[in-house]
Structures are given as structure tokens and as C-alpha cells.
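Inspection log for the structure reproduced underneath, given as C-alpha cells.
Fair warning: this is a prediction, and the values are worked out from it, not measured in the lab. Numbered from 1 within each chain, the chains take letters A, B, ... in sequence-line order. Basis for what follows: all heavy atoms, side chains included, without hydrogens, waters or symmetry-related copies.
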Protein chains: 2
Amino acid sequence: MSQSIEQPADGTTGRTPVRAVPTSADVARLAGVSRATVSYVLNNTSAVRISEPTRERVREAARELGYVPHAAARTLRAGHSRLVLLPTAHVPVGPLYSGFFNDLQWALRRLDYTVVQYGSVGLAAEDAARAWAELRPAAVVSMGEVEVTPGAVEILRRSGVKAVITVGTRAAEGTHSLVLDQPRVGEVAAEHLIATGRRRIGVVVPEEPGLGMFSGPRLDGARRAAEAAGATVVPLPLAYTEESAVALAARWPELGLDAVFGYNDEYAMLLMRALQDAGVDVPGDTAVIGADDLLLGRLLRPRLSTVHIDLIEGGELAALVDDAVNGTADATGRRPLLDSRVIVRESS
Amino acid sequence: MSQSIEQPADGTTGRTPVRAVPTSADVARLAGVSRATVSYVLNNTSAVRISEPTRERVREAARELGYVPHAAARTLRAGHSRLVLLPTAHVPVGPLYSGFFNDLQWALRRLDYTVVQYGSVGLAAEDAARAWAELRPAAVVSMGEVEVTPGAVEILRRSGVKAVITVGTRAAEGTHSLVLDQPRVGEVAAEHLIATGRRRIGVVVPEEPGLGMFSGPRLDGARRAAEAAGATVVPLPLAYTEESAVALAARWPELGLDAVFGYNDEYAMLLMRALQDAGVDVPGDTAVIGADDLLLGRLLRPRLSTVHIDLIEGGELAALVDDAVNGTADATGRRPLLDSRVIVRESS
DNA sequence: ACGCGTCACTGACACGTGTCACCTATCTGA
DNA sequence: TCAGATAGGTGACACGTGTCAGTGACGCGT
């Protein structure tokens, strides 16, 4: 405890045993200028004039020392960061999300933001918000998995977060909300099935946790369409395992369904295979339709019909984030951003 | 229209009253104590004794103000962060990776680290390293997509990064390397095919960029197995589209292959379907095997044989990261980690 | 010689936190 | 009574950066 580390002692001792991380002060010393000059040169600030020979000396010194600025010190000084926080409970699998995330990250990077995926497993909404707030992000973009309560928004706002954006099934108080009309997905699926003469429609409800906020609204949408046409909707709980699908298929005769909306392509494929193995003819006895328009859906026979969902483009969302951070978000109010449409193949 | 955007319904659209972010000094003032005391209480430092009434006053004040510590200031003061950087060029789709990433993030969080996915699209290795270094992470875990050159390692080390860990097809100089034995995947696949009497084996090589560092070694492994048994290996370029698969299937007769290793399950499924549509009997004429053991592979008929890959567990890697940061990791350097075994179903 | 403007740069402060050394009462034992 | 121990706390510094207000040198017109 009383052992002291050898002091760098400002030039008196030339060598320190541990190689310290070079700072802008080191660069300044080597280049024979002040630290302010170093800062001006490396950030090439336009308001201050520094002669070209000096600029070059500074840059050379920085290169030689391998100087890299300290992001934490920067944000501390600046009072705000360029972090965009992306809370995730479980990282969602699925190519739809992956592709979207890729685009978003790329676009935000282009705007000089850093995207941080931050897990908050098993935390209450406001505890999670506190954890996020520690990073003092410029914006928080919640993609529907994580609930954002008004209290959580208040915590974030109070910690200096400029923009809170939610993408989910419903608008969250106090945030810029991109409302994905999940009921519409179920609705167009059901409308299609009804239009092709089906009357008793099953709707798969995944048992996996975390999907409830999508499956519920899709079920509701299907119900709405069925009601309007005098058809019937039956919810079908299903886990993403072969056993569960086989068990459901075994009950098929007693259910008396002539169509099923499989929540998404993956569940639909799983169920369709089980149905075929149980002797159910698709689409003769029962029509099947999924959602998400995966390539793999075309590999089964019959090819899987699906609902194609146009998610907002990553670049578009990135622009919204930037506007919200700058306080220049357009006040156009509601704005149509995508459509869900049925792609008919062979399974319906 | 199934998506809409909404403004904050707070009445304070865009323009929030400039309420200063509370600091520990504010808490101290409100509680009537010094800032040092606040720090001791909130981090409940064991070495210093603070009376229970005072502790409670401080906690109450912090609660009332909604105080949240400033991570940047903390890491600046501490000289190091608890960030674990996970560079990604493209976020890889695929459930294998997603599941792994989930586990890793969860386990590291448990050890009080924050995982940051940081994209470095189109940057040279050392430029990317400089960008990572700005965040002064405690560790950098590169998952094989991004090349880590010795120069990049030097930059990271110099910026104070405690541990550089690479997970990939080969060890990287100066890092803790987890070597995934990719050739082994191709080898076991080919050995299985040869053992069941096949002699001319096609190996799918995806045309998608970024997969080359996996597909190349797998091809080599297959070649090695074939050579040992006097069999033949033919590389088959394939893009992840139906058209590409159909085109490849059309050339099947002239290729004269009696087996194919599909790189992974997704490519294998795509190709198998195209082969069947072209009138090729699977596994009669040609055996097909994939890799990754996806559930969807069981949905096709015949069920897809596959190579099951045991990736390192997220928790295990997290422990290694922690050890490396603390300097208590065994300096073995390289360590083989990928166990591959064939799961025979019906397609081979 | 003097005022004035421009050029090229520097000194010093603030951002929010953790921690070490120090300080003042009060209590203890002889 | 007095030295010493202990409880409970505080003042001050350092971390690395960006930026504002100066500051000396120099050229120029009168």
C-alpha cells in the first residue's frame, strides 16, 4: 500500500518502466508546441489559424507516438456523447432484424454516431433506463423488445438524452414513436385466406417469451378481418420445436380448420411440415401462410405463401435519429412508412 | 399503411427546458455532506466508515434528484473502462452466431462488463484499430470477420487495451487466439460421405463476401480427407439465391458428382431443393450434407444430414476475457476449440 | 514614434468522478 | 490530566480533452 509507482517526473527521468498511454500533452511536448495547438491541429478547427509547418510537426509527432484521443475525456468535456444506444433483451435472430440492424449501424456511423447494443436482461424498465443513462447517450432507440415506461423516459431525459425513439406495436409516451402496425399483418393474412374461400382460420401464437408483443396484435388483426367477413379465428399455441408441431398436427381433425396463419415463416414452415406428415393436404385440406418472406420458405413444397413486411430502412431511421438529436425532427405528425402485402405462392 | 410516426405528446416537442443533469455535487449539497462522502456511500466503499443516518440521507437525496453517475467521468478517473469491444464488419446472420452472442453478452454483463458492438465497415485493419482504441476498452474480442494485424494489435496495446482475443480460423500474432478448426468441419463431412461409398464430392463455396475465411478452410479439410481415401473434391461456387442454385443444378449431369457438402445447412437446403427439382434423386443419385444443425433442416424431405458444430460457450469465453483482463489467463496462445461431429439423417 | 490590425500561438479553466491524506471531536485507559 | 485511539467526515488533486481570452511579435500607414 505504501509502495509508490515511479513518477514520470516531467522529463527528468527519460524512461518509465510501464509504457504509459500517450496523451495530447505528450504530443505537444514532442512537437514543441502547446497542448491547445495540438487540439486545434488534430481536430483541424477552422476558426484558428496554425501555420502549415507547425501542423505537420504536430501530425508527425502524433503519428510517431501512436496517439489516439480518449473518447471518455472528449465526451466529458463536450458534455454529450455521440452514442446511440440500442437496448436488447435477447438479440433477436432472424434475417429481417439482422439486415435492418446492419443498415442502421452503417448509416449512423456515416453520421459519426457510435451504435451500442446494450443488453438489459431481467431488469425492470426503470432500472434498465438508469443503466443506459450512465453512458450519457445522445439517443436511445428501442426496437420493441424492451418496454419503455414514462418513468424510464423521464430518467433518460433527465440524464441528458436528446432523443428517445421507440419502434414497436404502440406509441410510448414522451418518445418519437414508430408504430409498426402489427394487427395489419394478421389482417392482410386473414383477408387473403377469406378471399380464397376459407372460413375457419387458425392463428399460431408462439410460446417463446418476448414474441407476445408481436403475436397478440397479429392475432387481433386476424380476428378483425374474420369478424368483418363472418369467419372464425382459433388461436393455436405453438413452441418452436418439432415435438410441439407434431402434437398440434395430431389434434388437427378435431380442430376442423381449413386455413392457418403461422405467425411468421419459420413457425409456418415447422407447422406445415408436421401437417403434411400427419396426412393433411396443403393447400387442399388446409391453407398455410407465413410472414417475413424468407428465402427458405420457397424451398418447401408447396412453396410457402407469406406476408411481406417492409421494415423502415436503416438509413431512414438513422436520419430520424439525427434530426431528433438536433431537435429538428419534422413535425409532420403521422407519416405512412410501409405496407404489408401478401405474396401468394402455393401453400394457400 | 401499416406504420406511422408520432411526435412526443408532451407539449414540449423538441424543445425541452434546459434542466441541468444532476451530478454528485448536487447530491452532496442536498444531503448536506461533502462530495467525497457521496462517492463513498453510493459505491459503498468498505474501507471508509460512514454512519448509517448519513448513508440514508445521501441515498435519499440521490433518489430525489434522480442522480445517475457519468460513465465517461468514471472511466476517465479510473484510467480504464469496463467495455468489451466486439468488432463487426457485417453482423452475421445465422442462429448459431446469434445464440452465441447472446450468451456472451449475458455472461460478460454478469461480470460487470459492457459489450459494445462496433462496426468498422470498409476500414483498413489499423484504421479500425485506432477507432476502437478511442473507446479505451478493457478488451477487444474479434470474431473472425475482421482481420487483426500485428500493427493493429500494437495500436490497441499502446492505447491500454488489456486483452485482445481473436476467434477465427487461425491464430493472430500477439493475441489470445481461439482457433476454430474450420478444416475439421469439411473433413468430417467428407469422411462421412466417403465412408458411405461416395467418391466424387462437390463442396459448395458461397459467393457472398465475408464467408471466404470459413469456406476456404472447410474446402481444404474436405480435400485432405478425400486425398487420404483416393476420392475427388470439386469446388462449387454458389450464391444464396434460387437462380444460382437452379443454374448449378442444371449443370449436375456433366459434373458427375455423387455427393455434395453444402458449406452450411442454408446453402445445402437451397441446393438440395434445386437438385430435386432438376430430377436428381437425393440421396440415391447424390448425397447431401450441410453444417450447423438447424431445425429447419429437418423440415425438408429427405431430412438433411449435417455437421453439428460445438461452438465455445459464451460463458466460457466471458471467463477467458475476464482472466485476460486481469492478467491471469494462461498464455497458451492457441487453443483448438471447435468440436465437429456428423449427424446422419436421410439426405446422405 | 505611435496606434492598430493580423498572425500564430499559449495559459488556464471546466467537465464529473474516485481516492488519499488530513482533520476534528469524542472516547479510553492509566 | 494527558497521550493515544477511533469514528466520521472533508479538501484537494488527477484523469485527458476542448475552447475562450489573452499575448507577444511583426507589418503597415501616418
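Side chains of B:Thr166 and B:Ser142: a donor-acceptor N/O pair is absent below 3.5 angstrom, by distance only.
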Test side-chain contact (heavy atoms from CB on, under 4.5 Å) applied to A:Phe101 and A:Leu86, step by step: CA-CA 10 Å; A:Phe101 176 77; A:Leu86 212 75; 3.3 Å; yes
Test log, rule salt bridge (Lys or Arg N to Asp or Glu O under 4.0 Å), inputs A:Arg63 and B:Glu126: CA-CA 12 Å; A:Arg63 205 172 304 127; B:Glu126 303 192 359; over 6 Å; no
Step-by-step side-chain contact (heavy atoms from CB on, under 4.5 Å) determination, A:Val116 to B:Tyr118: CA-CA 7 Å; A:Val116 175; B:Tyr118 200 83; over 6 Å; no
Residue pair B:Glu60, B:Arg57: steps toward the salt bridge (Lys or Arg N to Asp or Glu O under 4.0 Å) verdict: CA-CA 5 Å; B:Glu60 174 55 28; B:Arg57 277 218 318 286; over 6 Å; no
A:Arg130 vs A:Glu134, salt bridge (Lys or Arg N to Asp or Glu O under 4.0 Å): CA-CA, chis, key distance, verdict: CA-CA 6 Å; A:Arg130 253 183 291 276; A:Glu134 286 192 17; over 6 Å; no
CA sep, side-chain torsions, deciding dist, call: A:Arg74, A:Asn43, side-chain hydrogen bond (donor to acceptor under 3.5 Å, both in side chains): CA-CA 12 Å; A:Arg74 275 188 143 146; A:Asn43 299 324; 2.9 Å; yes
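Rounded to a whole Å, the CG atom of B:Leu65 is 15 Å from the C1' atom of C:dG16.
B:Asp26 contributes atom CG, which lies 6.5 Å from atom CG of B:Leu65 (distance to the nearest 0.5 angstrom).
Of all the residues in residues 50-57 of chain B, B:Ile50, B:Ser51, B:Thr54 reach under 4.0 Å from DNA chain D with at least one non-hydrogen atom.
Counting only heavy atoms from C-beta outward, the side chains of B:Arg82 and B:Thr75 never approach each other to under 4.5 Å. Between A:Asn44 and A:Arg55, the closest side-chain pair of non-hydrogen atoms falls below 4.5 Å.
Comparing A:Arg49 and A:Val33 by the nucleotide of DNA chain C whose heavy atom lies nearest to each, the residue mapping closer to the 5' end is A:Arg49.
Rounded to 10 degrees, the angle separating the terminal axes of the helix from C:dA1-D:dT30 to C:dA30-D:dT1 is 60°, with each axis obtained from five end pairs.
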Expected rows: protein N/O vs nucleotides 17-19 of chain C N/O, under 3.5 Å:
{"from": "C:dT17", "atom 1": "OP1", "to": "B:Tyr67", "atom 2": "OH", "distance (Å)": "2.5"}
{"from": "C:dT17", "atom 1": "OP1", "to": "B:His70", "atom 2": "N", "distance (Å)": "3.3"}
{"from": "C:dT17", "atom 1": "OP2", "to": "B:Ser24", "atom 2": "N", "distance (Å)": "2.7"}
{"from": "C:dT17", "atom 1": "OP2", "to": "B:Ser24", "atom 2": "OG", "distance (Å)": "3.2"}
{"from": "C:dG18", "atom 1": "OP1", "to": "B:Asn43", "atom 2": "ND2", "distance (Å)": "3.2"}
{"from": "C:dG18", "atom 1": "OP1", "to": "B:Arg74", "atom 2": "NE", "distance (Å)": "2.7"}
{"from": "C:dG18", "atom 1": "OP1", "to": "B:Arg74", "atom 2": "NH2", "distance (Å)": "3.1"}
{"from": "C:dG18", "atom 1": "OP2", "to": "B:Ser39", "atom 2": "OG", "distance (Å)": "3.2"}
{"from": "C:dG18", "atom 1": "OP2", "to": "B:Asn43", "atom 2": "ND2", "distance (Å)": "3.3"}
{"from": "C:dG18", "atom 1": "O6", "to": "B:Arg35", "atom 2": "NH2", "distance (Å)": "2.5"}
{"from": "C:dG18", "atom 1": "N2", "to": "B:Arg77", "atom 2": "NH1", "distance (Å)": "2.6"}
{"from": "C:dG18", "atom 1": "N3", "to": "B:Arg77", "atom 2": "NE", "distance (Å)": "3.4"}
{"from": "C:dG18", "atom 1": "N3", "to": "B:Arg77", "atom 2": "NH1", "distance (Å)": "3.2"}
{"from": "C:dT19", "atom 1": "O4'", "to": "B:Arg77", "atom 2": "NH2", "distance (Å)": "3.2"}

